[in-house]
Amino acid sequence: MTHIILITGAGKGIGRAIAIAFARAGRNNPDFDPLLVLCSRNQSDLDSLSLECRAEGAITETFACDLGNIDDVRRLAAYVIGKHGTIDCLVNNAGVGRFGPLSEMTEDDFDYTMATNLKGTFFLTQALFPIMEKKRSGHIFFITSVAAEKAFRHSSVYCMSKFGQRGLVETMRLYARPCNVRITDVMPGAVCTPMWGEVDDDFKALMMMPEEIAEPIVQAYLQPGRTTVEEIVLRPTGGDLQDS
Ligand SMILES: NC(=O)c1ccc[n+]([C@@H]2O[C@H](COP(=O)([O-])OP(=O)(O)OC[C@H]3O[C@@H](n4cnc5c(N)ncnc54)[C@H](OP(=O)(O)O)[C@@H]3O)[C@@H](O)[C@H]2O)c1
């Protein structure tokens, strides 16, 4: 059976690993044919990912857009609805972070972070949820963070955005449960991705790898429809990198 799966922020990092994990699950499971709609801003990232997923046997489509721009959010939702008429899984993964002491965060840092993490996530969910509600099935993943429930000194704006996403997750549960739609909040600690910039090997050794976040997401999706994995919390075994 074909599953229409939209992954935002698919070009790099955790989103890329989620796309590949879904593609591999399709190769290993005759009842699961993923059709992956891959979205992020950089088309060449999406093209190389698309090739990798197709090599695993998945069908892929790419859609380059900026989810910090409401017109792009609407174009993406209209594309999915217009082309497929349905959606089975939305992975709200696209996110940005700008980090530093409170006194150094600028209005641009604030607006840039909120546009993608909050505005884009909210309006894409708002646009696509009614399809799942109507057909009484579907699964929405929110890749939030441990920073959605724990503060970090150099992450004031990022934490605000992630705590905000968690507000949306909990609200969506109220809409989703009565219509049999599954909501999963994925809260990773530090994962070695381009979000962190260049990191040395000692620092890298303290982090998780994107594949380790992707696998439990695919497993949660493949649970029988009667069962929802509501939260996935994953931390480096040594704990969070900064604890204050
Ligand atoms: N890495 C961590 O330690 C960590 C921990 C907890 C949670 N998270 C969360 O996990 C998610 C993925 O993070 P990551 O570490 O994989 O980051 P990443 O390596 O920077 O990748 C982020 C992806 O999102 C895309 N993206 C960013 N802004 C976008 C926008 N406005 N519109 C469309 N695509 C956009 C980026 O591609 P383009 O730049 O080409 O658009 C990229 O493909 C984020 O929500 C992040 O907050 C990360």
Side-chain angles (χ1 to χ4, degrees), residues 6-21 36-50 52 62-77 79 90-99 109 111-125 140-150 152 154-155 157-166 168-169 184-199 203-204 206-214 216-217 231-236 239-242:
L6 169 59
I7 303 169
T8 70
K12 301 183 179 77
I14 295 170
R16 192 176 185 94
I18 294 169
I20 292 166
L36 304 173
V37 183
L38 308 169
C39 160
S40 61
R41 290 169 295 190
N42 184 308
Q43 183 67 49
S44 64
D45 282 349
L46 295 177
D47 289 342
S48 68
L49 173 63
S50 182
E52 217 172 314
T62 63
F63 196 97
C65 71
D66 179 357
L67 293 173
N69 176 315
I70 191 73
D71 293 334
D72 278 17
V73 173
R74 293 194 174 119
R75 276 197 312 116
L76 173 61
Y79 169 80
L90 166 62
V91 184
N92 278 312
N93 167 74
V96 293
R98 288 186 178 171
F99 306 98
D109 293 331
D111 291 344
Y112 179 72
T113 306
M114 298 306 168
T116 298
N117 297 9
L118 287 184
K119 196 170 175 183
T121 303
F122 177 81
F123 283 104
L124 186 62
T125 304
I140 306 177
F141 290 87
F142 293 85
I143 315 305
T144 65
S145 173
V146 292
E149 58 176 16
K150 174 178 172 180
F152 296 88
H154 278 207
S155 305
V157 173
Y158 183 72
C159 281
M160 273 182 81
S161 75
K162 291 293 170 178
F163 272 65
Q165 283 188 335
R166 187 157 170 106
L168 176 59
V169 170
T184 303
D185 186 3
V186 183
M187 292 181 280
V191 186
C192 186
T193 70
M195 179 178 267
W196 288 82
E198 287 295 311
V199 294
F203 200 62
K204 200 170 166 181
L206 301 173
M207 301 169 109
M208 299 179 287
M209 291 296 134
E211 301 71 36
E212 292 145 23
I213 313 305
I217 290 170
E231 287 186 355
I232 299 173
V233 184
L234 295 159
R235 278 197 158 84
D240 292 324
L241 299 191
Q242 319 154 278

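Since the structure is predicted, the reported quantities are computational estimates derived from the model, not experimental observations. All ligand and atom numbering here is 1-based and tracks the order in the structure.
- Here is the list of ligand 1 atoms found below 4.0 Å of a heavy atom in L67: 30 (C), 31 (N), 32 (N), 33 (C).
- Close approach to G13 involves these atoms of ligand 1, each under 4.0 Å from a residue heavy atom: 16 (O), 19 (O).
- Short contacts between ligand 1 and I14, defined as distances under 4.0 Å to a heavy atom of the residue, involve ligand atoms 10 (O), 16 (O), 48 (C).
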Open item on the list: N92 vs T125, test: side chain to side chain donor-acceptor pair (under 3.5 Å). Steps then yes/no.
Closed with: CA-CA 8 Å; N92 278 312; T125 304; 3.0 Å; yes

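- Using cut-offs of 30° and 60° on the angle between ring planes, the pair F99 and W196 is parallel.
- For ligand 1 and G68, the ligand atoms under 4.0 Å from any heavy atom of the residue are 31 (N).
- The protein non-hydrogen atom at the shortest distance from atom 43 (O) of ligand 1 is K12 N, 3.0 Å.
- Under 4.0 Å from ligand 1, the heavy atoms of C65 that appear belong solely to its backbone.
- Interface of V96 with ligand 1, defined as ligand atoms under 4.0 Å from a residue heavy atom, comprises 27 (C), 28 (N).
- Shown in contact with P188 at under 4.0 Å from a heavy atom are these atoms of ligand 1, numbered in order with element: 5 (C), 6 (C), 7 (C).
- Near I143, meaning under 4.0 Å from one of its heavy atoms, ligand 1 places the atoms 10 (O), 45 (O).
- Given atom 36 (C) of ligand 1, the protein heavy atom at minimum distance is S40 CB, 4.3 Å.
- The proximity of N117 to ligand 1, defined as any non-hydrogen pair under 4.0 Å, does not occur for either the backbone or the side chain.
- Nearest protein heavy-atom contact of atom 14 (P) of ligand 1 is T193 OG1, 3.5 Å.
- Residue contacts with ligand 1, taken as heavy atom pairs separated by less than 4.0 Å, do not involve M207 at all.
- The single protein non-hydrogen atom nearest to atom 28 (N) of ligand 1 is R41 NH2, 3.2 Å, given as residue, atom name and distance.
- The shortest contact between atom 19 (O) of ligand 1 and any protein heavy atom is with P194 CD, 3.1 Å.
- Counting protein heavy atoms only, atom 5 (C) of ligand 1 is closest to G189 O, 3.1 Å.
- The protein heavy-atom contact nearest to atom 13 (O) of ligand 1 is M195 CE, 4.0 Å.
- Interface atoms of ligand 1 facing W196, defined by a heavy-atom separation under 4.0 Å, are 1 (N), 2 (C), 3 (O).
- From the protein, the heavy atom lying nearest to atom 12 (C) of ligand 1 is N93 OD1, 3.2 Å.
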